[in-house]
There are 2 protein chains.
Amino acid sequence: MLELEPLCFSSECPSRALFDQIADKWSMMVIAVLNEGPQRFNAIRRRLQGVTQKALTQCLRRLERNGLVAREVISLSPVAVQYHLTPLGHTLREPLQELHKWTLVKLPEVTAAREAFDSADGGKKRDRSLIQLRL
Amino acid sequence: MLELEPLCFSSECPSRALFDQIADKWSMMVIAVLNEGPQRFNAIRRRLQGVTQKALTQCLRRLERNGLVAREVISLSPVAVQYHLTPLGHTLREPLQELHKWTLVKLPEVTAAREAFDSADGGKKRDRSLIQLRL
DNA sequence: CAGAATCCCGGACGATACTG
DNA sequence: CAGTATCGTCCGGGATTCTG
C-alpha cells in the first residue's frame, strides 16, 4: 500500500530515461501486434500503417536490446526473420494497453477540452505564440 | 472481456497521436507531482530536477490544453500561478503510475538484457552502426 | 514570480539507394 | 526479404535575455 517510495524525481534516476524508451507510440503498437503471435518484419510493417522502415527497425532494435522482444533468424533463402515477445515483454503489455485504453475512452473528453482551450483565448494575446498546437 | 476491439492501427486513428502526447516523461512526472496537491510553477520546476523552463511550460500548456491540468492565476504582486489536476487528469494518474512502477521493478532485468545485447555482438558487424545505444 | 521571445545546434526523421 | 548506409531537412530543446 506504499505510495511508490519517494518516487524518484532526481535527474539521475535511471527509470526516468527508461520510461522514455518504452512509452512511445511505436513500441506500444509493436508490442500489441506481437502479442497476437510471432511476426515477421514486413508483416509488422504492414499492420502499422504509416511507420517507416527505419523507424520500425530502430524500434525493434531498442525493444530487443531492452529484452522485451526476441529476434530469430530463420535461414531460408531469402532470409526470414521472426520477432516475438519475451516473458519480460509480456509483462509490459498490460500497463501499455491500459494506457492505450485510456486514450480510446477519454478521447472525447480530451477533444472537448481542446476545443474549449483553443477557442477560449483565441482572441487574446496568446494567438499562436509558444503554444504550438499541432496535432 | 473484449480484447480492445480491432485495436486500431490505422494511421488515421486519433488515439495514436494522443498517446504520444500524454505518455512522455515530463507529463508523467508533472502529474505525479500535482497528485500531491496544487503546486506553483517554480515549485514543480524545483521538484523535477533537470527540466528546463521551456520544457516545463510546454508540458504544462499541453496538459492544460488536453484538459488534464488546470491553471489558475492568483493576483498578487508578484503574480502567482497554481496548477492542479482536473478530474480527467486524475484518471490518467493510475495508468501512468503503473507504467512508472514497471520501469522501477523491471529495471534490473532490462539492464541485464542490455549488457547481454551490447556485449553479445560487440565484435560483430553491428559495432556502432544504426543501433544508437544512447541512454 | 511566471513566463515569452530569440538564437542556435544536434539529433530525429523521411526518402532514396544499395546489399546479402 | 530484411535490413544498412547516406543525405538533406526540419524542429524540439537548451541557453540566454527580456517583461508584466
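Letters go in sequence order (proteins before strands), and every chain restarts at 1.
In this structure B:Asp20 satisfies the side-chain hydrogen bond (donor to acceptor under 3.5 Å, both in side chains) test together with A:Lys25, sequence neighbours excluded. Take B:Glu98 and apply the salt bridge (charged side-chain N to carboxylate O under 4.0 Å, His left out) test, not counting sequence neighbours, and it matches B:Lys101. For A:His84, there are no side-chain hydrogen bond (donor to acceptor under 3.5 Å, both in side chains) partners at least two apart in sequence or on another chain. Take A:Trp26 and apply the side-chain hydrogen bond (donor to acceptor under 3.5 Å, both in side chains) test, not counting sequence neighbours, and it matches no residue. For A:Glu109, the salt bridge (charged side-chain N to carboxylate O under 4.0 Å, His left out) test picks out A:Lys106, with sequence neighbours left out. Scanning for side-chain hydrogen bond (donor to acceptor under 3.5 Å, both in side chains) contacts around B:Thr91 gives A:Trp102, with sequence neighbours left out.
When the side-chain nitrogen and oxygen atoms of A:Arg61 are compared with OP1 and OP2 of D:dG3, one or more of them lie within a distance under 4.0 Å. Regarding contacts with the backbone of C:dC1, every side-chain N or O of B:Tyr83 stays at 4.0 angstrom or more from both OP1 and OP2. Distances shorter than 4.0 Å separate none of the side-chain N or O atoms of A:Gln58 from OP1 or OP2 on C:dA12. Using a 4.0 Å cut-off, no side-chain N or O of A:Arg40 falls inside it from OP1 or OP2 of D:dC1.
Ranking D:dA2, C:dA2, D:dG13 by closeness to the A:Asn42 side chain, first place goes to D:dA2.
By the 4.0 Å N-to-carboxylate-O rule, B:Glu64 lies too far from A:Arg114 to be salt-bridged with it.
Among residue pairs with one or both ends in residues 75-89 of chain A, none qualify as salt bridge (Lys or Arg N to Asp or Glu O under 4.0 Å); sequence neighbours excluded.
Axis angle between the ends of the helix from C:dC1-D:dG20 to C:dG20-D:dC1, five pairs each and rounded to 10 degrees, works out to 50°.
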Between the protein and nucleotides 14-16 of chain D, are there any N/O to N/O pairs under 3.5 Å, and if so, what are the atom names and distances?
from, atom 1, to, atom 2, distance (Å)
D:dG14, OP2, B:Thr52, OG1, 2.8
D:dG14, O6, B:Lys54, NZ, 2.5

